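Just so we're clear, the structure is a prediction, and the values are computed from it rather than from any experiment. What you see below is based on every heavy atom in this structure, not just the backbone, and it leaves out hydrogens, waters and symmetry mates. We count ligands from 1, going down the list as the structure has it; atoms in each ligand are counted the same way.
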Amino acid sequence: MIATETTVRTLKFYVNGKWEAAAGSQLHPVMNPATGEVIARVPYATAEQVDRVARAAHEGFLKWRETPVVDRVQVLYRYKALLDRHADEVARILSTENGKTLEDAKGSVRRAIQMVEVACGMPTLMMGDSLENVSRGIDSQTIRQPLGVCAGITPFNFPAMVPMWMFPFAIACGNSFILKPSEKVPLTPTRTAELLDEAGIPAGVFNLIHGDKVAVDALLEHPLVRAISFVGSSPVAKYVYENAAKHGKRVQALGGAKNHLVVMPDANLEKTVEAIMGSAFGAAGERCLAGSVLVPVGGVAQPLLDLLLAKAKSMHIGDGTQPGVDMGPLVTDAHRKKVVGYIEKGVAEGATPLCDGRDAAKEGGGFFVGPTIFDNVKPQMTIAKEEIFGPVLSVIRVKSLDEAIELVNSSKFGNTTSIFTADGKSAREFASRIECGMVGVNIGVAAPMAFFPFSGWKNSFFGDLHAHGKDAIAFYTEQKVVMTRWF
Ligand code: NAD
């Protein structure tokens with residue numbers, strides 16, 4: 001369905017401090033996933049357009065790197081104030097194009113703003129080390145300098161927060177930045193770019209283009225782009241990692257996940273169920289930190305599942321922008337079909353559906369799948385191994401903590417995992433032996449705050465330095481060691 005022509009806007013690129021129509025680009029529809037309506041049209045950048053923006057970003061960088069860091073962060077202070085003022089508006093746009101509930105969208109915008117807050121501390125964060133008299137009369141110091149043009153390629157599920165894992169840090173360090181967000185959700189990055197423009201970001205320092213693989217490949221290959229930050233699915237993360245590295249770029253590529261929630265018999269059931277609900281079904285499971293495999297240990301399985309099932313069945317599914325809705329739609333119809341395909345596979349491979357989200361279709365369209373819980377899942381089943389990225393929870397019952405740890409560690413992914421227990425020894429052993437980069441203890445979504453790194457392992461991350469936290473400063477700067485002697 002297409003909304004009236006007057007309400008369907010065609011998006012622009014933000015290049016060299018100006019909004020410009022992407023002449024000659026192909027236009028693609030942006031949908032409201034709750035209704036299936038077309039709400040905007042987004043142009044996809046060609047390689048020539050990427051070349052032009054890279055040159056503009058390079059020119060922007062040459063001036064920006066000379067701007068003292070205390071002046072650079074003034075733009076970010078103003079940006080933070082504008083984001084605070086427009087947070088609800090940004091959240092509403094986000095909820096409309098992505099589908100997640102308004103409350104969830106607001107939380108993610110809050111997290112985005114925290115990235116800006118931390119990047120405002122760059123005068124301290126960027127400091128190097130120094131040591132007097134490393135040899136007689138010789139002093140030594142390290143200084144951190146920006147790289148140049150950095151680019152960010154981001155996924156559909158956090159269109160405000162994930163780009164801000166990148167550009168506030170990159171810019172505060174003195175780099176210029178090109179953002180290529182997900183083509184499925186370009187309205188949120190457009191609005192947050194408008195606010196950065198209003199905050200007074202100098203021309204060329206921040207640039208926004210839209211597009212698909214063509215734009216990504218052009219960024220990976222462009223000689224003026226020095227670093228690539230990527231967040232998305234694992235196959236694309238690996239591709240980006242390999243190809244950016246082949247072209248001599250620094251790269252951090254965050255990938256997909258399959259996260260396990262381990263519940264010990266001594267866990268607080270009520271609070272644990274609440275945390276599992278948020279983890280598995282929050283944002284309709286479209287989170288890289290979503291709990292996807294529930295691992296009850298011993299006798300806790302049945303009482304846990306009874307409680308969980310009752311909660312899942314009482315969830316209100318609908319348009320995420322409306323009050324009282326617990327879970328919105330999936331982002332596109334293609335993604336809905338993919339998730340339904342996984343549910344069909346779970347049934348075909350012999351798992352027991354306790355509740356089946358395929359019944360959640362709504363009148364008037366929309367890409368809905370309801371909460372789905374599979375019992376009697378075996379580790380070799382597809383739904384136990386692959387990332388589904390929807391509201392589907394697979395239950396694998398185990399007998400001991402050792403068995404649970406072995407199961408989690410057998411996954412090819414290593415993004416996050418959680419344990420629910422009242423026993424400190426079990427929690428400590430789990431956190432120590434588990435092969436995942438982010439661990440929750442009685443927490444369903446262990447998302448690191450802006451000042452800690454987002455630390456996926458294994459196939460959930462390709463690279464060395466992670467997103468945000470101190471890693472971001474190391475990633476977006478080059479280190480120089482200066483030794484000084486005066487005669
Ligand atoms: P995606 O991999 O399809 O797309 C991510 C970005 O890559 C988009 O900007 C897209 O335009 C681009 N892209 C897609 N296919 C490409 C190709 N063949 N070549 C070059 N570029 C390509 O991911 P998505 O569906 O937008 O997002 C969901 C995925 O992101 C999930 O796998 C989720 O786990 C992951 N994710 C990971 C994290 C993390 O921190 N590890 C955070 C959020 C999302």
Q: List the steps, then state whether side chain to side chain contact (heavy atoms under 4.5 Å, CB included) holds for Lys345 with Met381.
A: CA-CA 9 Å; Lys345 202 145 204 174; Met381 289 180 184; over 6 Å; no
Answer side chain, backbone, both or neither: which part of [X] comes under 4.0 Å from ligand 1, heavy atoms only.
X      : result
Asn157 : side chain
Glu183 : side chain
Phe230 : side chain

Q: Can you label the angle between the Phe156 ring and the Phe389 ring as parallel, tilted or perpendicular, going by 30° and 60°?
A: perpendicular
(Q) Using 30° and 60° as the class boundaries, would you call the ring planes of His28 and Tyr44 parallel, tilted or perpendicular? (A) parallel
Q. How about Trp165 and Phe454: are their ring centres within less than 6.0 Å of each other?
A. yes
Q) Quick check, are the ring centers of Phe461 and Tyr241 under 6.0 angstrom apart? A) no
Distance alone, cut at 3.5 Å: any donor-acceptor contact between the side chains of [X] and [Y]?
X      : Y      : result
Tyr79  : Asp84  : no
Ser233 : Glu387 : no
Lys100 : Ser95  : no

Atoms of ligand 1, numbered as shown, that sit under 4.0 Å from any heavy atom of [X]:
X      : value
Phe454 : 39 (C), 40 (O)
Ser182 : 9 (O)
Leu254 : 39 (C), 40 (O), 41 (N)
Ile153 : 6 (C), 7 (O), 9 (O)
Val216 : 20 (C), 21 (N)
Trp165 : 40 (O)

Q | Shortest heavy-atom approach to atom 31 (C) of ligand 1 - which of Lys213, Glu387, Lys180, Met438 | A | Glu387
Q: Would you mind finding which of Val236, Leu289, Asn259 brings a heavy atom closest to atom 17 (C) of ligand 1?
A: Val236
Measure the distances from the heavy atoms of [X] to every atom of ligand 1 and state whether one is below 4.0 angstrom.
X      : value
Phe461 : no
Phe158 : no
Lys184 : yes
Gly255 : yes

Q. Under a 4.5 Å cut-off applied to non-hydrogen side-chain atoms, are Pro379 and Leu407 in contact?
A. yes
Q) Does the side chain to side chain contact (heavy atoms under 4.5 Å, CB included) test come out yes or no for Leu294 and Leu304, once each step is laid out? A) CA-CA 10 Å; Leu294 178 61; Leu304 179 71; 3.9 Å; yes
Q: I would like to know whether Phe177 and Phe61 meet ring pair (Phe, Tyr, Trp, His ring centres under 6.0 Å); could you show each step before the answer?
A: CA-CA 9 Å; Phe177 201 86; Phe61 163 68; over 10 Å; no
Q: Among all protein heavy atoms, pick the one closest to atom 2 (O) of ligand 1 and tell me residue, atom and distance.
A: Ser233 OG, 2.6 Å
Q | Protein heavy-atom partner closest to atom 24 (P) of ligand 1 - residue, atom, separation in Å | A | Phe156 CD2, 3.6 Å
Q | Sub-4.0 Å protein heavy atom next to atom 4 (O) of ligand 1 | A | no
